[in-house]
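Let me begin by presenting the structure, written as C-alpha cells, before commenting on it.
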Amino acid sequence: MNIIGNYKQITIFYFVIVLLNILLFGSSINMLLSLVQYIIVIKCILAKKYNEAIFYHLTFVATSLAPTTAFDLQEGASSICSYARIKIGPVCFFYLISLYLLFISTNRKSKHYLSGSLFSELTKCVLFLAVSGFVLGLIGFVFLGNYDFSSFLLYGTYIFMVYVNMRLLMNFCSKELLDMFYKNLPPIMGSGILATAAAYYVFGLASSYGVLNMILQPDIVYFGVLFFMGFYKSPYKKYVLIVSILYILMNLTSATGHNIIIIAIGLMYFLYYTYFSKDLLASNRKEVTKFRKDFTVLLPIIVVLIVAYANMGTLFLIKSQNVLSLFSTNVGEVDTSPYVRIATTMNIIENNKYNPIGLLFGQGYGGYFTDQLNMFVGLDLSDGGWPDKDVSTGRFTRGHDTFATVPLVNGFGGLLYLMYICYKYAKAARKSFMAYAIFPWIVFTFYFNIIYAVIGICCLFAAEYELSNIIQYENTNSRLLRRSLS
C-alpha cells in the first residue's frame with residue numbers, strides 16, 4: 001500500500017523510523033533499519049518509480065541522525081548506522097544513490113518547470129560557489145603552502161552533493177513530485193518532533209552539551225518551526241498546534257543559539273501572517289477572526305508557561321544570553337560562543353586586507369585563516385569545533401557557521417551572492433512557509449551538515465509548489481487537452 005499522500009500513515013511511518021533511529025543511535029543494530037530503507041528505495045528504482053524513489057531516498061536521509069545530533073557522541077561517529085551514514089569504504093552509500101538518480105535524470109526530456117525559479121537561482125549560486133571553491137583550492141595546493149586536504153574533501157564533498165541533489169530534483173521536477181514533497185514534508189516534521197519527545201520523556205534518552213543535559217534531537221527537528229508555520233495550510237490544525245507547543249517546550253531544554261534565532265524569526269513570520277495578511281482573512285474570515293482572538297489570549301499564557309518551565313541551568317537560557325550579548329557595543333563583552341564566530345570573520349578580513357581576490361572569492365577549499373588580530377589569545381580552543389591540528393598550528397581551516405565559513409572558502413563576494421538569494425527567499429516565505437527553510441539551512445548552517453542541506457533542499461523544492469506556476473501550468477494544459485478531446 002502506498003502511504004505517500006496519506007497524512008496519518010506518513011506520520012506513523014516516519015514516527016517509527018525517527019524513534020528507532022534515536023533509540024538505536026550509536027548501535028550497529030540501526031543498520032537493519034537502514035537496510036530495509038535502502039531496499040525500499042532500490043525497489044522503487046528497479047520498478048522505475050523514480051518519483052517515489054527520490055521522495056523516499058531524500059526523506060530517509062532527512063530523518064537520519066548525524067554525529068552532531070548528540071554532541072557527547074561525536075567521537076563515535078563511525079558507529080552511527082542511520083540511512084545517511086551507511087558507508088562503502090569512505091563513501092556514504094546515499095551519495096551513490098543520488099548520483100545514480102542524477103545519471104538517470106540526464107536521459108529524461110525535462111520540461112524545465114523550474115527554469116527561472118528561485119530554486120533554479122539557488123542551484124546556480126551553489127554551482128558558482130563550488131567552481132570557485134574548487135578552482136581556488138587547487139591553486140592553493142599547487143602554488144601556496146599549508147593547504148589542508150581533509151577540509152578540501154569536507155567542503156568539496158558537501159557542495160558537490162548539494163548540487164547533485166538539487167540538480168536531480170530539477171531534472172525530475174513534475175507536478176506529482178512537487179505535490180509529494182509539499183504535502184508530505186509537514187507530517188514528517190511533526191513525526192520527528194513526536195518521536196523526539198517520546199524518546200526523551202518516555203524512554204529517557206538524552207544527550208549532553210558540555211556539562212548540560214539536552215534532548216537528543218534528530219536533524220529534522222532543527223527545522224521544526226516550519227511545521228508550526230504551516231498551521232494554516234494543515235488539515236489537522238489542533239494537532240499542529242499541540243505538537244508545536246511540545247516543540248517549543250523541548251527547545252526550552254535544548255535550543256542552541258541558532259535554534260533560538262530561527263524560532264524567534266519564524267514566530268514573527270507567523271504572527272505577521274496571522275494578524276496582517278489580507279489573503280488569509282479573505283480565505284475564511286469567520287475562522288481566522290476567531291483564531292486571532294483565541295491566539296491573543298493564548299500567547300501570554302504560553303509566555304508565562306515558558307518562563308515558569310525554564311530554569312537558568314538549561315542550554316536554552318545560556319544560549320539566550322549568548323544571543324543577547326551580540327547586541328553589546330564592545331566585542332570583548334560578547335559571550336565566548338558568538339565571540340569566536342565574530343573573531344573568525346574579523347581575522348578573515350584582516351588576513352585578506354591586501355588580497356582583493358581572497359577577500360572577494362575566498363581561499364578556496366582547503367584554505368585557512370590565522371589569528372592575526374590575536375583575538376583567540378586566552379581562549380581554550382581545544383573543544384571549539386576545530387581539529388587539534390588547526391589549534392596546534394594556528395592555521396584554522398574551518399568556520400563555525402555560514403558567516404564565518406563562506407567568507408573563508410568563497411569570500412565575501414560569495415557570501416553576498418548567497419545572502420541575496422536568501423533575501424529573495426525571505427520575501428517568498430510570506431507566500432510559502434516552506435521557503436523559510438532558507439534560514440535554518442543557508443543563513444546559519446551552510447557547509448555544516450549534509451543532512452541539514454538535504455532537508456533544506458527538500459523544503460525549498462517543495463516551496464516551488466506555491467512559488468512557481470507549475471501547478472497552474474499543468475491545470476491549464478489539462479483543461480486544454482479535455483477541450484480538444486470533447
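Worth knowing before you read on, the calculation uses all heavy atoms, side chains too, and leaves out hydrogens, waters and symmetry mates.
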Pairwise distance CG(L415) to CZ(F446) - rounded to 0.5 angstrom: 10.5 Å
Just say parallel, tilted or perpendicular for the rings of Y7 and Y236, cut-offs at 30° and 60°. tilted
Does the ring centre of F439 sit less than 6.0 Å away from the ring centre of Y436? yes
So which heavy atom on L65 is nearest to which on I80, and how close? O-CG2, 3.5 Å
Can you list every salt bridge (Lys or Arg N to Asp or Glu O under 4.0 Å) pair that touches residues 42-63, not counting sequence neighbours? none
Looking only at atom types and distance, does a side-chain atom of D401 sit under 3.5 Å from a main-chain N or O of F444, one as donor and one as acceptor? no
Please report the interatomic distance CZ(F228) to CZ(F231), rounded to the nearest 0.5 Å. 7.5 Å
State, yes or no, whether a side-chain contact exists between L246 and L194 at a heavy-atom distance under 4.5 Å. yes
F461 CZ to M180 CE distance, which is reported to the nearest 0.5 Å: 10.5 Å
Side chains of M189 and C459, heavy atoms from C-beta outward: is any pair under 4.5 Å? yes
Side-chain contact test, heavy atoms from C-beta onward, threshold under 4.5 Å: evaluate it for F433 versus P186 and give yes or no. yes
Is it true that atom OH of Y100 has more than 12 heavy atoms of other residues, nucleotides or ligands lying nearer than 6.0 Å? no
So does I29 have more than 12 non-hydrogen atoms from other groups sitting under 6.0 Å from CD1? no
Between F103 and L168, is there a side-chain heavy-atom distance shorter than 4.5 Å? no
If only atom types and distance count, is the side chain of S234 paired as donor or acceptor with the main-chain N or O of G230 below 3.5 Å? no
List the steps and the verdict of side-chain contact (heavy atoms from CB on, under 4.5 Å) for Y222 and T445. CA-CA 11 Å; Y222 179 66; T445 61; 3.3 Å; yes
Under the salt bridge (Lys or Arg N to Asp or Glu O under 4.0 Å) rule, what pairs show up with a residue in residues 224-246, not counting sequence neighbours? K233-E466
For Y452 and P440, indicate whether the former's side chain and the latter's backbone hold a donor-acceptor pair under 3.5 Å. no
Compute the centroid of each ring, for Y447 and then for Y158, and state whether the two points are separated by less than 6.0 Å. yes
Would you confirm whether R430, through its side chain, and K427, through its main-chain N or O, come within 3.5 Å as a donor-acceptor pair? yes
Would you say the rings of F172 and Y50 are close, in the sense that their centroids are separated by under 6.0 Å? yes
So salt bridge (Lys or Arg N to Asp or Glu O under 4.0 Å) across residues 15-31, not counting sequence neighbours, yields none
Residue pair Y269 / M229, side-chain heavy-atom distance below 4.5 Å: yes
Where Y417 and K124 come nearest, the two heavy atoms and their spacing: OH-C, 4.1 Å
Taken to the nearest 0.5 Å, the spacing of F223 CZ from L185 CG works out to 10.5 Å
Just by modelled atom types, is the Y56 backbone N or O under 3.5 Å from a matching donor or acceptor in the T59 side chain? yes
When you measure from the side chain of Y423 to the backbone N and O of L418, does any donor-acceptor pair fall under 3.5 Å? no
Donor-acceptor pair, S64 side chain versus A84 backbone, under 3.5 Å? yes
Distance-only, no hydrogens or angles: does the T196 side chain make a donor-acceptor pair with backbone N or O of Q217 under 3.5 Å? no
Would you please indicate if the ring centroids of F227 and Y247 are separated by under 6.0 Å? no
Given side-chain contact (heavy atoms from CB on, under 4.5 Å), test I450 with V61 step by step and report yes or no. CA-CA 9 Å; I450 192 61; V61 173; 5.9 Å; no
Would you check if the side chain of N184 reaches a backbone N or O of G5 as a donor-acceptor pair within less than 3.5 Å? yes
For residues Y365 and L129, report the shortest heavy-atom separation together with the two atoms involved. OH-O, 3.3 Å
L460 to M434 - nearest heavy-atom pair and separation: CD2-O, 3.9 Å
Is it true that a side-chain atom of S117 and a backbone atom of S120 form a donor plus acceptor pair closer than 3.5 Å? yes
Shortest non-hydrogen pair, H57 vs Y83, comes out as ND1-OH, 2.8 Å
Say you draw a straight line from CD1 of I22 to OG1 of T63; how long is it, rounded to the nearest 0.5 Å? 10.5 Å
Do I54 and F181 pass the side-chain contact (heavy atoms from CB on, under 4.5 Å) test, and can you show the C-alpha distance, the side-chain angles, and the key distance before you say yes or no? CA-CA 10 Å; I54 293 169; F181 280 94; 4.2 Å; yes
So Y14 and F60, would you call those rings parallel, tilted or perpendicular, with 30° and 60° as cut-offs? tilted
To check you understand the geometry: which heavy-atom pair defines the closest contact between W441 and L122, and what is its length? CZ3-CD2, 4.0 Å
CD1 of I17 to OG of S191: how many Å apart, nearest 0.5 Å? 8.5 Å
Flag yes if more than 12 heavy atoms outside F160 fall under 6.0 Å of its CZ atom; otherwise flag no. no
